[in-house]
Structures are given as structure tokens and as C-alpha cells.
Amino acid sequence: MTRLPVVVLISGTGSNLAALLDASRAEDCTYEVVAVIADREAAGLEHAHAAGIPTEVVRLSSYEDRDAWDRALTAAVLAHRPELVVLAGFMKLVGPELLDAVGGRIINTHPALLPSFPGAHGVRDALAHGVRISGCSVIEVDAGVDTGRILAQAAVEVLEEDTEATLHERIKAVEQPLLVDVVRRLTAGR
Ligand code: GRF
């Protein structure tokens, strides 16, 4: 079976990347992670090294402006000819060049139930608002901040004693299988 090439972008520990890599070991998996790109020396790059997958770091600070960084990131992604690009805890807004180049085949995972609590602090903001139910959303990426079409969501109950860290951990536990499921769905039968 042909597996469709997926490039994953990360900034952090790569918990979702690890889940995507684990799931890709299944015989009937529909995708293959062909490269992992980060905007910093992210700890999660280790998962890629361990799996023998090529990595690259494309730092914003290495370029004279955001457009130049966007072009470099686009070139790094396109070099691997992905059918799908997955932002898995990638903490930068991607630019128009990358969005145009991958034409709708780019998704993101966000640790809140969009359209509530977009942005970099979704877990903290939901907690501060006092919601009783939060969760995660897998969305298509567009030019806005977490405004793209929602592809899947999962709910997580907020507990009285929750901190940002404990709530985020429980959200990550449902976020990982949800993301794997969406990536499998989007790469099936292409
Ligand atoms: C995920 O919850 C994702 O939605 C978010 O960052 C988390 C992944 O971070 N924005 P990490 O790669 O596990 O550090």
C-alpha cells in the first residue's frame, strides 16, 4: 500500500509527533512521516532522530524578516514533497507563501474547543474563563489565528483542582488519537 508523505512541524516536546510516529508503525497505516521541521531546537526532534527521520530547524531569527523566514520554511517543507503538512504544537503563525504552496493541505491541532480560546494560551484562557468543558480541535490552517475549518474535536471535563498543566495533560491524551485519526482519514484513499 502506498503511504502518503506527511511533514510535521513542531516547537515543543512533540507529544503529537510521537503519537503520529507510533501510529505509523501499524501495517495498515495510510501515511508516512517523511520529515520533521522545527522553528527552534525543539526537544521533540529527538522522536524523529530515534525513528531515523530527517529533521531541520528553520529559525525566524536567522532571517531578516518574516517573509524571508516564510520562504525558507516553505522550501524546507516542499523539499519533502508532502501530501499533507501537520502543525503539531508549532508555535508560530505560518506565512502566505507556505499556505499557498501547500494549498489547503495543512492542518493544526489546538488545545481548546475552537472557536473559543484561539491563540497561544488556549488551555490557560479556557481555565481562566471558568469553562467546565474544554478539549481540543483539529483544524485546517488558514491565514487567521486558529480560524480554519474544524475537522474534529474532542471534549475534556475541567476539574475543580485543575491547573493549566494538569488540564493540558488530559487534553493531550485525547488530542493525540484525534490527530492520528484525522491524519489517517485525510491520507486514506488519495
Ligand atoms: C498540543 O496540546 C498542541 O495543541 C499545542 O501544543 C501541544 C503540544 O506540545 N499547541 P508538545 O509538542 O507536546 O510540547
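Counting starts at 1 for both ligands and their atoms, following the listed order.
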Per-atom contacts, ligand 1 versus Gly14 - under 4.0 Å to a heavy atom = 11 (P), 12 (O), 13 (O), 14 (O)
Provide the number and element of each atom of ligand 1 under 4.0 Å from a heavy atom of Asn16.
-> 1 (C), 8 (C)
Decide, yes or no, whether a salt bridge links Arg59 with Glu41 under the criterion of side-chain N to carboxylate O below 4.0 Å.
-> yes
Closest protein heavy atom to atom 6 (O) of ligand 1, given as residue, atom name and distance to 0.1 Å = Gly89 CA, 3.7 Å
Atom 1 (C) of ligand 1 - nearest protein heavy atom and its distance | Glu175 OE1, 3.1 Å
What do the steps show when you test Asp65 against Arg71 for salt bridge (Lys or Arg N to Asp or Glu O under 4.0 Å), and what is the final call?
-> CA-CA 10 Å; Asp65 56 25; Arg71 281 195 297 278; 5.1 Å; no
Numbering as shown, the atoms of ligand 1 that approach Ser15 to under 4.0 Å (heavy-atom distance) = 8 (C), 11 (P), 12 (O), 13 (O)
So between His168, His110, Met91, whose heavy atom ends up nearest atom 7 (C) of ligand 1?
-> His168
So for Ile171 against ligand 1, with non-hydrogen atoms under 4.0 Å, the contacting part is neither
For atom 10 (N) of ligand 1, what's the nearest protein heavy atom and its distance?
-> Pro111 CD, 3.7 Å
For atom 11 (P) of ligand 1, what is the nearest protein heavy atom, given as residue, atom name and distance?
-> Thr13 OG1, 3.2 Å
Heavy-atom closest pair (Phe117 atom, His110 atom, distance to 0.1 Å) is O-NE2, 2.6 Å
Do NZ/NE/NH1/NH2 and the carboxylate oxygens of Lys92 and Asp70 come within less than 4.0 Å?
-> no
Contacts under 3.5 angstrom, residues 3-18 side chains, donor-acceptor by atom type, not counting sequence neighbours:
unit_1	atom_1	unit_2	atom_2	d
Arg3	NH1	Ser24	O	2.7
Arg3	NH2	Ala26	O	2.8
Arg3	NH2	Glu27	O	3.3
Ser11	OG	Asp39	OD1	2.7
Ser11	OG	Met91	N	2.8

Report, in ascending order of atom number, the atoms of ligand 1 lying under 4.0 Å from any heavy atom of Gly12.
-> 12 (O), 14 (O)
In plain terms, say whether Arg149 and Glu140 are close enough for a salt bridge, that is, a side-chain N and a carboxylate O under 4.0 Å apart.
-> yes
Checking Trp69 side chain against Val58 main chain: does a donor-acceptor pair fall under 3.5 Å?
-> yes
